[in-house]
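In what follows, a single structure is set out as structure tokens and then discussed.
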Amino acid sequence: AQECQNLELEKQRRIERIKQKRAQLQELILQQIAFKNLVQRNQQTEEERKSPPPRSSVIQLPFILLNTSVRTVIDCSISSDKCEYLFNFDNTFEIHDDIEVLKRMGMSFGLEYGKCTPENLKTAKSLVPKSLESYVTGMADGQILNQEQFTC
Amino acid sequence: KEVLDHLQRLKAQIEDLEIKEKELDQQKCWLQQSIKNISEDPTNSRFAYITHEDLCNCFSGDTLLTVLAPSGTQLEVPVPEMGQNGQKKYQVNLRSQSGPIQVLLINKE
Amino acid sequence: SCPSPASAITYKFNGSPSKNLQAINSMIKQGERM
């Protein structure tokens, strides 16, 4: 009976770990879909326009984004070699990585919200290996595992 | 006998969970490598960009700063403190050991 | 060059997970609520 109890605990620990790893895998899948979708979009756009966009009007990945209200006063100090920056804000700000920005642009087809049209689902599946297609279908059906639920 | 049966079932379930966990580890490892390969591919790198318009559409009405920095660059945000003038201070510190950092101000207006 | 404060959240480019940035955003929001 004691061994049963220990094994029950072990089983629960493994189930939790598996849920966490599944959530991490889902996040990686979204990253791959978003990135490949972006590359495809840009390739198509450049083909249609027959030329790349001006370099000064694009932001190359990877990057980090800081956003704040237009009313925020930002004080910026930069070292002479540009290896150190100090920003002082008089208001709150947010920081996002490039993958978060791609998701907001819709590059992951809304899979992270469980909302994906059948046509986009087909495209999304084509951007991942066959062995992972079931995860994409699962996400489209709303089986999203939020990593935050499992972090300490 | 019931307890023994339950024990056997638990052992079998744990074995299945172990297999599933190993499968997930492999898939995760494979996918991480795949993302690395895709993002480092020169052809893909050429098309891995977003436009100012893309950003402004997502964060409409905000002042935006994009930071492009070498790997290993450290971004540090201290806990906000009350300043001498009674206003809260919010800071971001960027430090790079291997090359300059590029910061772009993107404000539609 | 400023010394690193004892209470700060750090994120490393191409090294830290996204959740570090989420933690920073939560910290900023919490401070604002308080």
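Residue numbering restarts at 1 for every chain, and letters A, B, ... go by the order of the sequence lines. FYI, side chains are in, hydrogens and waters are out, and symmetry mates aren't considered; it's all heavy atoms of this structure.
- The greatest number of non-hydrogen atom pairs below 4.5 Å with chain C, out of B:P80, B:S96, B:G72, is found for B:G72.
- At least one side-chain heavy atom of C:F13 sits under 4.5 Å from a side-chain heavy atom of B:L94.
- Within a 6.0 Å sphere centred on CD of B:E53, heavy atoms belonging to other residues, nucleotides or ligands number 12 at most.
- Counting all heavy atoms, side chain and backbone alike, B:P78 lies closest to C:A8 at CA-CB, 3.7 Å.
- The environment of B:K20 atom NZ is dense: over 12 non-hydrogen atoms of other residues, nucleotides or ligands sit within 6.0 angstrom.
- Here the straight-line distance linking atom CG of B:L75 with atom CG of C:L21 works out to 7.0 Å at 0.5 Å rounding.
- Contacts between C:I24 and chain B at a heavy-atom distance below 4.5 Å involve the side chain alone, from C-beta outward.
- The minimum heavy-atom distance linking B:V77 with C:M27 is given by the pair O-CE, 3.4 Å.
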